[in-house]
Amino acid sequence: MKESRDMRIKAKTDSFMRARIIKGYSQRELAKHSGLSHSYISLLERSLKSVGPATAKKLSDLLGKDLEDVFRID
């Protein structure tokens with residue numbers, strides 16, 4: 001198992017995007033509700049950026065999904 005400092009929490013691209021659309025959020029709306037920037041949401045959605053545990057939890061809650069449904073740990 002990797003040490004925690006080497007772990008990256010990244011969005012499961014298709015699941016994250018699908019959950020956002022089903023919830024009725026644009027990337028900008030999700031950014032506004034989460035307190036993150038639109039550009040960060042865009043990078044996160046394409047799995048180009050990782051996210052911290054608290055932010056992953058907040059986003060999964062906003063999307064109405066379990067954390068494991070929309071994020072993976074690399």
Side-chain angles (χ1 to χ4, degrees):
M1 180 155 182
K2 293 181 180 180
E3 292 183 36
S4 61
R5 69 176 180 264
D6 294 333
M7 291 184 171
R8 299 278 187 260
I9 301 171
K10 291 192 172 182
K12 294 179 179 177
T13 301
D14 292 341
S15 299
F16 190 94
M17 193 180 318
R18 189 176 303 114
R20 176 180 58 76
I21 292 167
I22 288 170
K23 203 66 173 166
Y25 290 139
S26 66
Q27 286 183 347
R28 289 187 188 279
E29 289 168 330
L30 182 57
K32 182 179 177 181
H33 289 289
S34 65
L36 300 169
S37 71
H38 165 254
S39 59
Y40 188 82
I41 293 291
S42 177
L43 292 169
L44 183 64
E45 196 168 273
R46 291 179 284 148
S47 290
L48 298 175
K49 282 281 189 183
S50 60
V51 67
T55 303
K57 174 75 171 117
K58 183 176 188 175
L59 287 167
S60 61
D61 287 348
L62 282 168
L63 296 173
K65 294 288 184 181
D66 290 333
L67 191 131
E68 301 82 17
D69 291 340
V70 289
F71 290 99
R72 69 177 191 279
I73 299 174
D74 290 340

* Starting at NZ of Lys12, measure out to CG of Asp69 and round the result to the nearest 0.5 Å. => 6.5 Å
* The single option from Lys32, Met17, Arg20 passing side chain to side chain contact (heavy atoms under 4.5 Å, CB included) against Gln27 -> Arg20
* To do: Treat each ILVMFWY residue as a node, draw an edge where side-chain heavy atoms are under 4.5 Å apart, and state whether Leu67 and Ile73 are in one component.
  => yes
* Ala19 and Val70: which non-hydrogen atoms are nearest, and at how many Å? -> CB-CG1, 4.1 Å
* Of all the heavy-atom pairs spanning Ser47 and Ala11, show the shortest one and how long it is. => OG-O, 2.5 Å
* To do: First locate atom CG of Leu59, then atom NE2 of His33, and finally report the distance between them rounded to the nearest 0.5 Å.
  => 12.0 Å
* **Heavy-atom side-chain proximity of Phe16 to Leu30 below 4.5 angstrom** => yes
* Within a radius of less than 6.0 Å around NZ of Lys49, do more than 12 heavy atoms belonging to other residues, nucleotides or ligands occur? -> no
* Are Asp74 and Arg72 ion-paired here, with the side-chain N under 4.0 Å from a carboxylate O? -> yes
* To do: Determine, using the 4.5 Å side-chain heavy-atom cutoff (strictly less than), whether Ile9 and Met7 are members of one ILVMFWY cluster.
  => yes
* Structure fact -> NZ (Lys58) and CG (Leu63) are apart, to the nearest 0.5 Å, by 12.5 Å
* **Atom pair CG (Leu43) and NE2 (His38), whose distance is rounded to the nearest 0.5 Å** => 9.5 Å
* Asked: Going from OG on Ser42 to CG on Leu36, what distance comes out if it is rounded to the nearest 0.5 angstrom?
  -> 12.5 Å
* Kindly compute the distance separating NZ (Lys23) from CD (Glu29), expressed to the nearest 0.5 Å. => 12.5 Å
